[in-house]
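See structure below.
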Amino acid sequence: MAVVVAALVGLRLVGATARQVTRDVLAQQADVVAAQLADADAAAAPVRTLAGLRTVVQVLQGQDVAVVGLGAGIRGDRLSTPDPAVAAALRRADADRALTGTPVSAVVSSGGRTWIVEARPTPAGAFALARTTDTGPLGTGLVRRNIVFALLAGAGVAVLVGGVVGTLLARPLRRTASAAHALRTGRRDVRVPVAGPGEVAEVAAAVNELADALSRSEQRQREFLLSVSHELRTPLTAVRGFAESLADGVVTGDDARAAGTTILREAQRLDRLVGDLMELARLEADDFRLDLGTVDLGALLGEASAVWRARCAEQGVDFRVDAPAHPVPVRADPRRLRQVVDGLAENALRVLPPGAPLVLAVRPGRGAGVLQVRDGGPGLAAEDYPLVFRRGALHARYRGHRPVGAGGVGLALVHGLVTRMGGTITAAPAPEGGACFTVTVPSA
């Protein structure tokens with residue numbers, strides 16, 4: 001396309017240049033002829049001068065220039081009589097104005113051709129030179145043929161180079177496309193060489209990063225499923241064992257009541273796990289619903305504290321509330337925000353020994369409300385805080401060392417709920433010695 005556009009522009013420029021050069025050359029020739037005619041009359045040597053003028057006329061006619069006498073005193077043997085095409089061009093250019101002493105320089109169209117006319121006055125009358133632009137110094141067919149040849153040569157080279165470059169560029173792209181198809185079929189060991197132009201190499205690097213991310217994600221999913229399976233198997237085993245004992249009549253009397261209590265407790269544990277998994281699945285869906293409104297964090301904390309004070313008292317945990325007297329309004333879903341508070345408090349209470357503190361705190365922030373759940377429990381290792389909201393990460397790390405939740409989805413669910421409400425949640429060491437979870441929600 002670039003070669004074709006360049007050729008078209010070149011042809012147009014050559015045509016305009018040819019017309020201008022032809023016009024300039026013809027004007028110079030007309031000035032020379034006019035000067036010779038004036039010198040011939042002044043020298044009073046008509047024979048020698050006419051012979052010289054006749055030679056000039058022959059030279060001009062040999063260059064396809066028509067020489068036409070316009071006055072009676074300059075016609076006859078001196079200059080040729082024009083043919084009809086030249087005569088029509090002279091009429092269009094109004095060359096007879098030269099008889100009044102006015103030089104004429106014009107470009108006219110006649111007979112489907114473009115004519116350049118230069119007329120000059122002389123002491124004996126006037127004359128005109130006329131030629132078409134097709135016979136000018138640059139207007140010959142040779143120039144056009146050369147331009148067309150250059151166009152064809154340039155187009156051929158462009159096609160050849162374009163094909164070679166396109167093949168070289170397409171080769172890494174085809175490798176990348178093949179790797180993407182392999183990833184779609186389930187392979188995760190596919191990697192693409194990062195080579196070629198910068199943009200192509202960037203695409204290859206992005207595909208490699210995608211493959212790494214898919215591998216990590218699927219590995220986490222497998223670990224999570226294994227963790228959930230383990231958590232499901234434990235209560236199911238207890239429920240099945242006690243149920244079989246009741247069905248076989250092995251357990252009777254007061255032992256049957258204890259067996260029923262155990263079955264109920266394990267069923268509730270299963271119910272919590274299934275509920276958390278369903279909430280987490282809905283949270284990751286696009287149609288997860290939130291009923292956002294104005295919520296007073298202080299009032300919400302007051303409602304939650306009534307429940308958690310009683311539960312902490314049962315386990316001998318020191319429960320505290322740190323909230324300002326004035327309201328702290330935020331924009332959130334009150335039910336989901338209470339679910340966040342309960343989830344964090346449940347997570348803390350599970351590991352607290354008797355006498356350790358559990359603190360629920362609220363304070364206003366800049367353009368937001370801040371809610372904290374702090375505890376005086378064993379806390380977390382420094383390297384655990386970046387992973388604390390990853391599904392099953394802490395569950396897999398601390399299972400068997402301390403009490404853990406069902407499936408390890410509680411903190412992941414809390415993080416998803418806070419994020420959905422436009423807030424942020426972070427984890428850090430608490431002043432009380434355990435862990436501190438800080439929830440920041442936009443102000444109302």
Taking only distance into account, with no hydrogens and no angle test, what donor-acceptor pairs under 3.5 Å do side-chain atoms of residues 437-444 form with protein atoms, sequence neighbours excluded?
unit_1	atom_1	unit_2	atom_2	d
Thr438	OG1	Gln372	NE2	3.1
Ser443	OG	Gly367	O	3.3
Ser443	OG	Ala368	N	2.8

Problem - Carboxylate-amine/guanidinium contact Arg191 Asp212, below 4.0 Å - result: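 Result for this pair is yes, salt bridge flagged.
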
Problem - Salt-bridge present (Arg187, Asp189; N to O < 4.0 Å) - result: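 Yes, Arg187 and Asp189 are salt-bridged.
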
Is any side-chain heavy atom of [Y] closer than 4.5 Å to one of [X]?
X      : Y      : result
Val207 : Leu183 : yes
Val33  : Arg120 : no
Thr102 : Pro121 : no
Leu371 : Val328 : no
Thr426 : Tyr385 : no
Gln29  : Gln63  : yes
Trp115 : Val86  : yes

[atom2] on [Y] to [atom1] on [X], rounded to 0.5 Å:
X      : Y      : atom1 : atom2 : value
Gln28  : Leu26  : CD    : CG    : 10.0 Å
Arg188 : Arg216 : CZ    : CZ    : 12.5 Å
Ser305 : Leu358 : OG    : CG    : 11.0 Å
Gln339 : Leu417 : CD    : CG    : 5.0 Å
Glu118 : Asp31  : CD    : CG    : 7.5 Å
Thr132 : Asp64  : OG1   : CG    : 7.5 Å

Problem - salt bridge (Lys or Arg N to Asp or Glu O under 4.0 Å) involving Arg363 - partner list, sequence neighbours excluded - result: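 Expected list: none.
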
Where do [X] and [Y] come nearest, in terms of heavy atoms and distance?
X      : Y      : result
Leu352 : Gly377 : CD2-N, 3.3 Å
Val117 : Ala130 : CG2-CB, 4.3 Å
Ala204 : Pro193 : CB-O, 3.8 Å
Ala201 : Val194 : O-CG1, 3.6 Å
Asp333 : Asp291 : OD2-N, 2.9 Å
Ala126 : Leu99  : CB-CD2, 3.5 Å

Exercise for the section: Give a yes or no on this: more than 12 heavy atoms of other residues, nucleotides or ligands lie within 6.0 Å of atom CZ of Arg92. Expected result: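 Not buried by this count: 12 neighbours or fewer within 6.0 Å.
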
Practice task
Begin with the C-alpha distance, continue with both residues' side-chain angles, and end with the deciding distance and a verdict on side chain to side chain contact (heavy atoms under 4.5 Å, CB included) for Thr419 and Thr424.
Solution key: CA-CA 6 Å; Thr419 304; Thr424 58; over 6 Å; no

Quiz: residues 166-182 side-chain donor-acceptor pairs under 3.5 angstrom, not counting sequence neighbours:
unit_1	atom_1	unit_2	atom_2	d
Thr167	OG1	Gly163	O	2.8
Thr176	OG1	Pro172	O	2.9

Practice task
Test side chain to side chain contact (heavy atoms under 4.5 Å, CB included) on Asp94 and Val104 and set out the steps.
Solution key: CA-CA 8 Å; Asp94 196 11; Val104 176; 6.0 Å; no

